[in-house]
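Below is one structure, written out as structure tokens, with a few remarks after it.
Each chain gets a letter, A, B and so on, in the order its sequence line appears, and its residues count up from 1.
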Amino acid sequence: MTLDAGETLAVVGESGCGKSLSAMAITGLVPPRAKLIADRIALKGKSLLGLREREWRGIRGRRIAVVFQDPMTSLDPCYTIEDQMREIGRQHLALDARALRARMLDLLRQVGISSPETRLSQYPHQLSGGLRQRVMIAIALMCEPELIIADEPTTALDVTIQAQVLRLLADLQKEHGFGLILITHDLGVVAGAADRIAVMYAGQVVESGPTDTVLSAPAHPYTEGLLHSIPVPGRTARGAPLGFIPGVVPRPDAPHTACGFINRCSRPVSACATPIALMPIDPAHAARCIRPCLGGQIVERHPATETAA
Amino acid sequence: MLRFLVRRLLMTVLVVAVTSVVAFSLVHLSGDPAAAMAGEGASPADVESVRKTYGFDRPLPEQYVTWLKRVFEGDFGRSHYLRASVAQVLADHAPITITLGALAIAFAVLLSIPLGVLAALYPNTLVDRLAVGLAVGGQAVPSFLFALLLIYIFGVTLRVLPISGSGSWAHFVLPAIALGYYATPAIMRLTRSGMLDALQSDHVRTARAYGLPAWRVIIKHALRHAMIPVVSLIAVQLGFMLGGSIVIETVFALKGVGYLAWQSIQRSDIEVIQAILLLIAAAYALLTLAADVLNGAIDPRIRVG
Ligand SMILES: Nc1ncnc2c1ncn2[C@@H]1O[C@H](COP(=O)(O)OP(=O)(O)O)[C@@H](O)[C@H]1O
Ligand SMILES: [Mg+2]
């Protein structure tokens, strides 16, 4: 996955396919028993691999900020909003108490919170889910990060609030120019929101490219299946059954001895029984498939000539 | 906060009231108190006269009310064996037990909470095993045996600490360790499991993702949550210790409440037994209240509606 400054990358895929884990790996945080192995993780050209704990502290929250899925639990219930914002502000910003408080109030206003003084003095459980997610976004903005990872930021919210929060993120991005990794299992929100898409399956990126290209001409059969399973106004006929992908996602931690999609694929061949690399289709578009669909045609590619990742 | 306090306070009063009834009934239903007080070989006439003098011939509810009235006036009656007011007898014994209990719980907390945190930070490693082993050792050894071991090592072999009596602070060291060690496994295990949960919680992940130093994440954002059930457990354990550990007080010749209770039961010193039961119940209820208030201070969801 790559992301240019100020750009939005949508990471899509079914629940459990490794979106959160892969995105959090960018910040060096993986579950206690997981081991982070990567060829390259870099921010603005500087490698983040093998950083020391101290060095990570200069990155996390400061240059890369995360907005988590569940605003109900991602704030500490024991401290007021002010306590929590101040703790993070103090960690990264050299502001005196008064300037820091002014900054917190300003941030809360920026995320559309109307009575910021009151909110500052409240505890998370006194706020609605939508408000809490706005507070999380305000915290993310605290240090003007270069990258914000929003991990399904609207999944836990009421439908009516979801659109508001997504619009807020887009507006803030225009204003502040941060890069945004928007993780979602909902292809419906991607079209207007992302510059590029990475489709994940079983722990791997199986297709990546510009949003329009991937949505209009998916190369990987998994992307195709995903798109057929959601109704698109104007394309899906009224009353026609929606498509679905038979079978279940294999565990992302299973060893990749074959194409991960082989058991659910509509067009498998025997050559699919080896690990498949992510292969470029054009400079901006890539798919992890030896029989991708290009320009409406299935094209045969040769895995032997490509090195497996 | 006020509503929370009032509610808890009412609960406390209710608990003490109920236990006072139970305590009173137990003492009176477990045999004829007049016969017990008159002693073996007393004539029926003697027993009758004791019954009259102490009001045991009145209906039980009436006796209870009379007793309660006196208690409210601070009069716990007289010990017929020690020939002194019960209040005085208790005032002589309680400080020893309170000192012992406070020191024992302090020892238990200072040992088991750091061990529990350590075990949770390095789960299923040698550190974890050692911490669990050290704490659980307290449960494996009977407390009298552990007390005797302490006496043998520190009192007899090394001769660094006194082993009996209550003359100085040094006298409380060994008994406090012996009594406190018994409470460590439960506190340690609850701390460990609470920390394991807390360390995996979403808000701890947030704190880490925002670059807060590890120790701050552990203390401020994890330990605080893990402490909520532990606080309640500590209150119960301290209540148990304030009830007096007969074994520990006997082994170290400390004339505390546990020792007094045991002797009073043997002497059928009913007024003393009743007073002790009531005080222990009150201590338990007050400690529970204190734990609730403390938890309210730890977690605003408990206190702010
Ligand atoms: N690259 C990977 N290697 C090993 N296991 C993985 C990998 N990615 C995901 N997993 C496993 O899959 C589980 C679900 O991943 P997660 O990132 O939570 O999925 P999602 O966010 O897409 O729902 C993780 O808990 C982890 O055990
Ligand atoms: Mg996820």
If you round to the nearest 0.5 Å, how far is [atom2] of [Y] from [atom1] of [X]?
X        : Y       : atom1 : atom2 : value
B:Met227 : A:Cys78 : CE    : SG    : 12.0 Å
B:Arg224 : A:Asp76 : CZ    : CG    : 7.5 Å
B:Leu212 : A:Arg90 : CG    : CZ    : 12.0 Å
B:His203 : A:Asp70 : NE2   : CG    : 13.0 Å

Under 6.0 Å from the [atom1] atom of [X], do we count more than 12 heavy atoms belonging to anything else shown?
X        : atom1 : answer
B:Leu10  : CG    : yes
B:Arg216 : CZ    : yes
B:Phe154 : CZ    : no
B:Met11  : CE    : no

Which atom of [X] lies closest to which atom of [Y], heavy atoms considered:
X        : Y        : value
A:Gly61  : B:Tyr210 : CA-CD2, 3.5 Å
B:Ala209 : A:Met24  : CB-CE, 4.2 Å
A:Pro77  : B:Asp299 : O-OD1, 4.4 Å

| query | What option among B:Ser201, B:Pro123, B:Pro213 has the most heavy-atom pairs under 4.5 Å with chain A? | reply | B:Pro213
Under 4.5 Å from any heavy atom of chain B, what part of [X] do you find: side chain, backbone, both or neither?
X        : result
A:Glu87  : both
A:Ile139 : both
A:Thr27  : neither
A:Leu29  : side chain

| task | Among the options A:Arg62, A:Gln69, A:Arg60, pick out the one with the most heavy-atom pairs lying under 4.5 Å from chain B. | result | A:Arg60
| query | Taking every heavy-atom pair that is under 4.5 Å apart, which of A:Gln84, A:Arg54, A:Met136, A:Met142 has the most such pairs with chain B? | reply | A:Met136
Side-chain touch [X]/[Y], heavy atoms, less than 4.5 angstrom:
X        : Y        : result
A:Tyr123 : B:Arg303 : yes
A:Pro124 : B:Arg301 : no
A:Met72  : B:Asp202 : no

| Flag, side chain of B:Thr206 to backbone of A:Ser74, donor-acceptor distance under 3.5 Å | yes
